[in-house]
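Reading through the structure tokens given below for one structure.
We count ligands from 1, going down the list as the structure has it; atoms in each ligand are counted the same way. These values consider heavy atoms only, across backbone and side chains, with no hydrogens, waters or symmetry-generated copies. In this chain, numbering begins with 1 at the start of the sequence shown.
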Amino acid sequence: MNTKIITLPGDGIGPEVTREGVRVLEYIAKKFGHQFEFEEHLIGGCAIDATGEPLSNATLDACRAADAVLLGAVGGPQWDDPRAKTRPEVGLLGLRKGLGLFANLRPVKPHPALAHASPLKPEKIAGVDFIVIRELTGGLYFGKPQGRFEESGKTRAVDTMEYSDAEITRIVQLAFRLAEPRRAKVTSVDKANVLASSRLWREIATEIGRAHPQIKLDHLLVDTCAMKLIASPAAFDVIVTENMFGDILTDEAAVLVGSMGLLPSASLGAPFDSAQGVLGVYEPIHGSAPDIAGKSIANPIGTILSAAMLLRYSLNLSREADAIERAVDRAIDEGCRTADIAQPGERVMSTREMADAIIERM
Ligand code: NAD
């Protein structure tokens, strides 16, 4: 298999963790007999410094022409000036829009050996294994009108929550497809008691549910879901929700695991076809962590598990993805720890040592 992967290391710890993700993919290519060609491009703050913009057309075109994109993180205090013409995050939004990435997937599966790192009691964390699917290109963040208006001496600010039936259908259908090989349970999250867009969402989710009787569908209001994520997180399998609700719930869900450094994500475009693979951007859920950048102590596991998702969803290489995930589990089981997940007295590994430990176990 001959495959082109664009890497966008970005800022802060982005390059440190992306480097290790690439090494893991190179090892997989050698072990399983694939050809992966990597091409590195700039995104975020480093791209602003080099070219004046956080995402160039050339980078976007390269991503469009590739099979998959592995991203580190963007941002940092040096690009935070509110008077600046542009910001690193504009590059991320441009990438999502430019590639039509409408679905963000975040699996949440705390490792039993790291239960101490979670803010929840170990008995609450036991058995937690769910995936949140967040709609990424619609809803409150993109609806029009949006803005600030001055009228008759008064100031008004407006945002619009808007969804079409087609937007809801494609994301809910994806949730059902992903639930099938899992525990076959979809929780659709909305605010149907207040919002018209949520009532349409619930109506469409119910229709799709009827067409998939083998999958159990339930509906939760977003406020109830926020509570249940803390009270009984093990009850969830696949959660699907709109953009802003997903933005908030995914960060809440991430905390269950204990470190920002552990979790991967995938952002997928259309058409999603589990048999063919789809163009996607894969990145750890953490940011550029300027407080630890350049110290070689960042945890690379979020990026390495993102590389596994890349193999599974964009390249349709499930066996290879499983091999990475099993090696990560084994490394954690056998006591490999970076600083963010170590308990006092445990030996702490560098970013490179953790990646080496995972590669050894593949
Ligand atoms: P952050 O995720 O960068 O860091 C939060 C905390 O988690 C920090 O203490 C950090 O040291 C720690 N951490 C994060 N990743 C880690 C890893 N791999 N290993 C060990 N520890 C890790 O969030 P922040 O500090 O709020 O944001 C820093 C910058 O990143 C900001 O400029 C923000 O805008 C940007 N950001 C970018 C993305 C992205 O690129 N997708 C996401 C979130 C934040």
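In summary, the atoms of ligand 1 found under 4.0 Å from a heavy atom of Ala298, numbered by their order in the structure, are 19 (N). Less than 4.0 angstrom separates some heavy atom of Gly287 from each of these atoms of ligand 1: 1 (P), 2 (O), 3 (O), 30 (O), 36 (N), 37 (C), 38 (C), 42 (C), 43 (C), 44 (C). Interface atoms of ligand 1 facing Ile13, defined by a heavy-atom separation under 4.0 Å, are 15 (N), 16 (C), 17 (C), 18 (N). Atoms of ligand 1 found under 4.0 Å from any heavy atom of Ala73 (numbered from 1 in listed order, with element): 40 (O).
By the definition of a contact as any protein heavy atom under 4.0 Å away, atom 34 (O) of ligand 1 is in contact. Atom 17 (C) of ligand 1 lies below 4.0 Å from at least one non-hydrogen atom of the protein. The protein reaches atom 11 (O) of ligand 1 closely, with a heavy atom under 4.0 angstrom from it. Using a 4.0 Å threshold on non-hydrogen atoms, atom 27 (O) of ligand 1 does not count as touching the protein.
Cation-pi geometry between Arg134 and Phe245 is not satisfied (NZ or CZ under 6.0 Å from the ring centre, within 45° of the ring normal).
When the heavy atoms of Pro300, Gly12, Ser288, Gly75 are ranked by distance to atom 29 (C) of ligand 1, first place goes to Ser288. Among Ala339, Ala289, Gly14, Gly91, the residue whose heavy atom lies closest to atom 4 (O) of ligand 1 is Ala289. Of all the listed residues (Glu283, Glu89, Glu16), Glu283 holds the heavy atom that lies closest to atom 41 (N) of ligand 1.
Looking at Leu229 and Leu249, their side chains come closer than 4.5 Å, going by heavy atoms from C-beta outward. Residues Arg19 and Arg352 meet the side-chain proximity criterion, which asks for heavy atoms closer than 4.5 Å. At least one side-chain heavy atom of Pro264 sits under 4.5 Å from a side-chain heavy atom of Pro107. Between Leu99 and Val281, the closest side-chain pair of non-hydrogen atoms falls below 4.5 Å. Here the side chains of Ser350 and Ile297 are not in contact, with every heavy-atom distance at 4.5 Å or above.
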Q) Taking it one step at a time, do Glu39 and His41 satisfy side chain to side chain donor-acceptor pair (under 3.5 Å)? A) CA-CA 7 Å; Glu39 190 179 293; His41 287 258; 2.7 Å; yes
Q | Derivation and outcome, side chain to side chain contact (heavy atoms under 4.5 Å, CB included), residues Phe38 and Ile6 | A | CA-CA 6 Å; Phe38 295 93; Ile6 302 294; over 6 Å; no
Q | Test log, rule side chain to side chain contact (heavy atoms under 4.5 Å, CB included), inputs Phe130 and Asp237 | A | CA-CA 4 Å; Phe130 63 85; Asp237 181 18; 5.5 Å; no
Q: May I have the step-by-step check of side chain to side chain contact (heavy atoms under 4.5 Å, CB included) for Val328 and Leu305, ending in yes or no?
A: CA-CA 8 Å; Val328 167; Leu305 291 176; 3.8 Å; yes
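Within 6.0 Å of the NZ atom in Lys185, the count of heavy atoms belonging to other residues, nucleotides or ligands exceeds 12.
In this structure, the protein non-hydrogen atom closest to atom 6 (C) of ligand 1 is Met260 CG, 4.6 Å. Counting only heavy atoms of the protein, atom 14 (C) of ligand 1 lies nearest to His286 CB, 3.6 Å. Looking only at heavy atoms of the protein, atom 37 (C) of ligand 1 is closest to Val74 O, 3.0 Å.
For ligand 1, one of its N or O atoms has an N or O atom of Asn299 under 3.5 Å away. The shortest N or O to N or O distance between Ile297 and ligand 1 is not below 3.5 Å. Distances between N or O atoms of Gly76 and those of ligand 1 include at least one value under 3.5 Å.
Remark: the His219 side chain and the Thr206 side chain contain an N/O donor-acceptor pair separated by less than 3.5 Å.
Under 4.0 Å from ligand 1, the heavy atoms of Asp291 that appear belong solely to its side chain. Looking at Pro290 against ligand 1, only its side chain comes within 4.0 Å, counting heavy atoms. The proximity of Leu92 to ligand 1, defined as any non-hydrogen pair under 4.0 Å, is limited to the side chain. With a 4.0 Å heavy-atom cut-off, ligand 1 is reached by no atom of Thr338. Counting heavy atoms closer than 4.0 Å to ligand 1, residue Ile292 contributes side-chain atoms (C-beta onward) but none from N, CA, C or O.
By the 30° and 60° cut-offs, the orientation of the rings of Tyr163 relative to Trp201 is perpendicular.
Using a non-hydrogen distance threshold of 4.0 Å, Gly302 does not register as a contact of ligand 1.
Cluster annotation: Trp79 is not connected to Ile43 through the hydrophobic network of ILVMFWY side chains, with a link wherever side-chain heavy atoms come within less than 4.5 Å.
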